[in-house]
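Note that the coordinates shown come from a computational prediction; the quantities given were computed from them, not determined experimentally.
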Amino acid sequence: MRTLFVTFFTVFIAFGCIAQFGNEWIKFNQQYYKIPVAKDGIYRLTYADLENAGFPAGSTDPRRIQIFHRGIEQHIRVQGEIDAIFNASDYIEFYGKKNDGVSDAELYQPASTQPHQYYNLYSDTTAYFLTVNPLPQQGLRMEEFFSNNLPILPAETSHRDQKLRVLTTQYATGQLYSTYLQNSFFETGEGWTGDLIIQNSFIDYTIENILFTSQAAGNPQLEIQVMGRANLSHVVEISVGPSAPSRVVANQSFPDSEVRTISVPLNWSDIGVDGRLVVRVRAMGAGGAADRLSASYIKVMYPQSFNQSGVTEKIFQL
C-alpha cells in the first residue's frame, strides 16, 4: 500500500473581495473571502481562522462551502461536514499552489515565446477564494479512497524527485530593434533570468540535497535554460561535477535573444556523496563578438527512494 506524507500549513483569511466584471464564476449575490497563497502545500482553515476573518462559520452549512482558483472550483476536504454544522473542531483543507507564470502567457506574442512558467513576472502570491453556494448543493470534495492490497502488488522502489533552481536576479529586456526599441508586448527572451555571463567567463551554480538516490532505477537528468542577452550569435558550454565542474555535457549555439532549453543525461559520479552537483555555465562566444548570455533555471530529476528522514515536508512524484 502506498502512503502519502503531507505537511499542513495554517493560512489566515483576508477580507472579502469585490466581484470583478467578466469573471463568470463570480456570483454577485455571494460574498467571497480572499486566501493569499505563496507556497505550495496542503492548507488548513480552522473554525477560529474563519471566524476571525469575519466568515460566519457557526451559521454556515459546511457542505455548501466552495473554493475557487483562477475561475475553477477546487476539490477540498471539509472535516465534520456530515452533520451540516460547522463545529469548533471542524476545518477545511485544500491544496494550494503559489503563483507561477501561467497567467503571464497572454502577455507574450505569440505565447510560445514565453521562456518558462516557473516564475511570475510580478508576484509569487496567488489567491484562492472561499464562498458559500446559496443553492442547496454540495461543493466539490476530495475523494477518499481505500483499497486492500489484494492481490498483493510489489512495492515501488523509487519515485522521480526534482530539484529546481529558478534564477531571477536580473531582468532581460528581450528582443531589441535598432539597438534601443522594443515592442509594447512581451516577446522572445524577455523576463526574469540569472546574472549576465560575458564572453570567456562563467558562473557556477550548486544544486544541493540530491539524497536518498535509487541508482538502480536509472540515471539522473539535467535540464537547463539559457537565453541570449544581446543581438549576436552565442555559444554556451555546460559542464558538471560533484564539487567543481570536471565534465562537459553540452555545447549549444543560438542567436540573438533566443531561448534554449538543454536537456542532457548525467552520471551518478557527477553528483557528490553529499548530494551536491555543481553546474557551470560558460559563455564561449562566436564569430569574435563579445558574447552575453544568462541561465534562467536549472532542474535535476533523478530516481529517489521513499525516504522522508530529516525533512518536514515532501512531495512524492509517482
Worksheet item: side-chain contact (heavy atoms from CB on, under 4.5 Å) between Q114 and D104: does it pass, once the steps are laid out?
Response: CA-CA 8 Å; Q114 183 183 24; D104 291 338; 3.6 Å; yes
Discussion item. Walk me through whether I65 and F55 qualify under side-chain contact (heavy atoms from CB on, under 4.5 Å).
Written reply: CA-CA 11 Å; I65 291 177; F55 181 85; 4.3 Å; yes
Item to complete: Start with the C-alpha distance between N267 and N219, add both sets of side-chain angles, then the distance that settles side-chain contact (heavy atoms from CB on, under 4.5 Å), and finish with yes or no.
Response: CA-CA 6 Å; N267 298 328; N219 280 6; 4.2 Å; yes
Worksheet item: Going through the distances and angles, do L50 and I92 end up as a side-chain contact (heavy atoms from CB on, under 4.5 Å)?
Response: CA-CA 10 Å; L50 298 169; I92 303 168; 4.1 Å; yes
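L181 has its side chain out of reach of L176: every pair of non-hydrogen atoms, C-beta onward, lies at least 4.5 Å apart. A heavy-atom distance below 4.5 Å is not found between the side chains of S296 and L167. Between E258 and M227, the closest side-chain pair of non-hydrogen atoms is not below 4.5 Å. For the pair H69/T126, a side-chain contact is recorded, criterion being any heavy-atom separation below 4.5 Å from C-beta on. A 4.5 Å side-chain heavy-atom check between I67 and Y128 finds at least one atom pair inside the cut-off. Counting heavy atoms from C-beta outward, R282 and S201 have side chains that stay 4.5 Å or more apart. Side-chain contact between L293 and H234: present, with at least one pair of heavy atoms (C-beta onward) separated by less than 4.5 Å. A heavy-atom distance below 4.5 Å is not found between the side chains of V259 and H116.
I224 and V300 fall within a single hydrophobic cluster, where Ile, Leu, Val, Met, Phe, Trp and Tyr are joined by side-chain heavy atoms under 4.5 Å apart, directly or via other members. Put simply, V264 and W268 are part of the same group of oily side chains (I, L, V, M, F, W, Y) that touch within less than 4.5 Å, one to the next. Cluster membership check: V226 shares its hydrophobic cluster with I203, using side-chain heavy-atom separations under 4.5 Å among Ile, Leu, Val, Met, Phe, Trp and Tyr. Residue L232 is not grouped with residue V236 when hydrophobic side chains (ILVMFWY) are merged at heavy-atom distances under 4.5 angstrom, including chains of intermediate members. Under a hydrophobic clustering in which Ile, Leu, Val, Met, Phe, Trp and Tyr are joined whenever their side-chain heavy atoms come within less than 4.5 Å, directly or via other members, L107 and W192 fall into the same cluster.
Closest heavy-atom contact between P303 and S158: CB-OG, 4.1 Å. Between E73 and G139 the shortest heavy-atom distance is OE2-CA, 3.4 Å. Pairing each heavy atom of R70 with each of V102, the nearest pair is NH1-CB, 3.7 Å. Residue A57 comes nearest to E51 through the heavy atom pair N-OE2, 3.2 Å, listed as atom of the first residue, atom of the second, then distance. Of all non-hydrogen atoms in F186 and L121, the two that sit nearest each other are CE2-CD1, 3.6 Å. Shortest non-hydrogen contact noted between K27 and E24 is NZ-O, 3.6 Å.
Between the CG atom in D204 and the CZ atom in F202 there is a gap of 5.0 Å [rounded to 0.5 Å]. To the nearest 0.5 Å, the span separating CD on Q109 from CD on E187 amounts to 8.5 Å. Atom CG of D161 is separated from atom CZ of F316 by 8.5 Å, given to the nearest 0.5 angstrom. Once rounded to the nearest 0.5 Å, the distance linking CG of D40 with CD of E313 reads 9.5 Å. With rounding to the nearest 0.5 angstrom, the CZ atom of R229 is 4.0 Å from the OG atom of S294. Within the model, atoms CG of L222 and CG of L277 stand 7.0 Å from one another, a figure rounded to the nearest 0.5 Å.
N120 places a side-chain N or O within 3.5 Å of a backbone atom of D100 that can act as its donor or acceptor partner. N307 contributes a side-chain N or O that, together with a main-chain N or O of S309, makes up a donor-acceptor pair within less than 3.5 Å. Of the possible donor and acceptor atoms, one in the side chain of D83 sits under 3.5 Å from a partner among the backbone N and O of I85. The backbone N or O of V78 sits nowhere less than 3.5 Å from a side-chain atom of E93 that would complete a donor-acceptor pair. With E237 contributing its side chain and V235 its backbone, the two residues share no donor-acceptor pair below 3.5 Å. In this structure, the side chain of D291 engages the main chain of G285 through a donor-acceptor pair within 3.5 Å. At distances below 3.5 Å, at least one donor-acceptor pair connects side-chain atoms of T60 with backbone N or O atoms of P56.
Side-chain contact annotation: D49 with T46, donor-acceptor N/O pair under 3.5 Å present. Of the N and O atoms on the side chains of D195 and T169, at least one donor lies less than 3.5 Å from an acceptor on the other residue. Using modelled atom types and a 3.5 Å distance limit, the side chains of Q304 and Y302 yield a donor-acceptor pair. With no hydrogens or angles considered, no side-chain donor-acceptor pair links T173 and Q182 at under 3.5 Å. A donor atom on one side chain and an acceptor atom on the other are not found under 3.5 Å apart for Q175 and T188. Checked by atom type, the side-chain pair Q79/R77 shows a donor-acceptor distance below 3.5 Å. At a cut-off of 3.5 Å, with distance as the only test, a side-chain donor of Y33 or Q31 sits close to an acceptor on the other residue. Looking at E190 and Y171, their side chains do bring a donor and an acceptor atom within 3.5 Å of each other.
Within 6.0 Å of NZ on K98 lie no more than 12 heavy atoms contributed by other residues, nucleotides or ligands. Other residues, nucleotides and ligands contribute only 12 or fewer heavy atoms inside 6.0 Å of the OH atom of Y180. Within a 6.0 Å sphere centred on CG of L140, heavy atoms belonging to other residues, nucleotides or ligands number more than 12. Within 6.0 Å of CD1 in I152 there are 12 or fewer heavy atoms belonging to other residues, nucleotides or ligands.
Taking the six-membered ring where tryptophan is involved, the planes of F86 and Y47 are tilted, since the angle between them lies from 30° to 60°.
Remark: R44 is positioned above the aromatic ring of Y91, its terminal NZ or CZ atom under 6.0 angstrom from the ring centre and at most 45 degrees off the axis.
The six-membered or imidazole ring of Y297 lies near that of Y118, with a centre-to-centre distance under 6.0 Å.
The ring pair (Phe, Tyr, Trp, His ring centres under 6.0 Å) test with F68 is passed by exactly one of F129, W25, F94: W25. Residue T131 forms a side-chain hydrogen bond (donor to acceptor under 3.5 Å, both in side chains) with just one option from Q30, R64, Q66, and that option is Q30.
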Show me, pair by pair, the donor-acceptor contacts under 3.5 angstrom made by side chains of residues 239-247, not counting sequence neighbours?
from: R247; atom 1: NE; to: D270; atom 2: OD1; distance (Å): 3.2
from: R247; atom 1: NH2; to: D270; atom 2: OD2; distance (Å): 2.7

Show me the donor-acceptor pairs, under 3.5 Å and distance only, between side chains in residues 206-217 and residues at least two apart or in other chains.
from: E208; atom 1: OE2; to: R276; atom 2: NH1; distance (Å): 2.8

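One finds no salt bridge joining R141 and E143 here, because no Lys/Arg side-chain nitrogen approaches an Asp/Glu carboxylate oxygen to under 4.0 Å.
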